[in-house]
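No hydrogens, no waters, no symmetry mates; every other heavy atom, side chains included, goes into these values. Naming convention: chains lettered A, B, ... in sequence-line order (proteins, then strands); numbering from 1 in each chain.
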Amino acid sequence: AQKVTQAQTEISVVEKEDVTLDCVYETRDTTYYLFWYKQPPSGELVFLIRRNSFDEQNEISGRYSWNFQKSTSSFNFTITASQVVDSAVYFCALSEGLYRDDKIIFGKGTRLHILP
Amino acid sequence: DSGVTQTPKHLITATGQRVTLRCSPRSGDLSVYWYQQSLDQGLQFLIQYYNGEERAKGNILERFSAQQFPDLHSELNLSSLELGDSALYFCASSAIWDRGNTEAFFGQGTRLTVV
């Protein structure tokens, strides 16, 4: 069965520090998709990234970077030089398969506080 | 703006009542997902429809039901409401999955308060 674990429930860092949010997943499939979503205080869910299981290349987008490691079933998210606007709840999520049961299962989220 | 529209944004109702939440997916998206976000349970997957048919079911209560109509909009019906049903209900939509494309886009959510 699919499962996503975000062990860090809450993290506080001072602005400009780097912070890494951990995500560990479980799946029985060889083809799956991993996601990160951001939920700012306003409540909407904002898509950040989608990664296919067959693409282990790490990705960088501005201050955001993602480290996908199949060997440890992890998909960690790093924010470099954090800013107060990064304060939000961040969700890691997983979807299995193609053309069948492709529901997206979320971790419980990590609440990130960036202190000025 | 994700392109997914949920109505209403806020809903306050009494225990025992029935409500309907509506979701209009992004243009062209065939899949619709419903999620419940409560303080203690996180984002719980409820149900998914694909082109009018139920595709996957999560921990959806028997008091809850959903459907997707021919125009692809979806409705989530919640009945015999209890205080514990108070939550933020999200709808998401996605296009046909393929190896190089798509992700689920979420609406702004409907905040349901049962009093």
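Between A/Gly43 and B/Leu88, the shortest heavy-atom contact is O-CD2, 4.3 Å. Of all the heavy atoms in B/Tyr33 and A/Lys103, the pair that sits closest is CE2-CA, 4.0 Å.
Heavy-atom contacts from other residues, nucleotides or ligands closer than 6.0 Å to NZ of A/Lys16 number 12 or fewer. A 6.0 Å sphere centred on CG of B/Asn59 holds no more than 12 heavy atoms belonging to other residues, nucleotides or ligands. Atom CZ of A/Arg111 has 12 or fewer heavy atoms from other residues, nucleotides or ligands within 6.0 Å. Within a 6.0 Å radius of CD1 in B/Ile12, other residues, nucleotides and ligands contribute 12 heavy atoms or fewer. Heavy-atom contacts from other residues, nucleotides or ligands closer than 6.0 Å to CD of A/Glu10 number more than 12.
Between A/Phe47 and B/Phe106, the gap from one ring centroid to the other reaches at least 6.0 Å. B/Tyr35 and A/Phe106 have their aromatic ring centers within a separation under 6.0 angstrom.
Inter-residue side-chain proximity for B/Leu43 and A/Leu45 is flagged as met; some heavy-atom pair is nearer than 4.5 Å.
To the nearest 0.5 angstrom, B/Gln6 atom CD is 12.0 Å from A/Glu44 atom CD.
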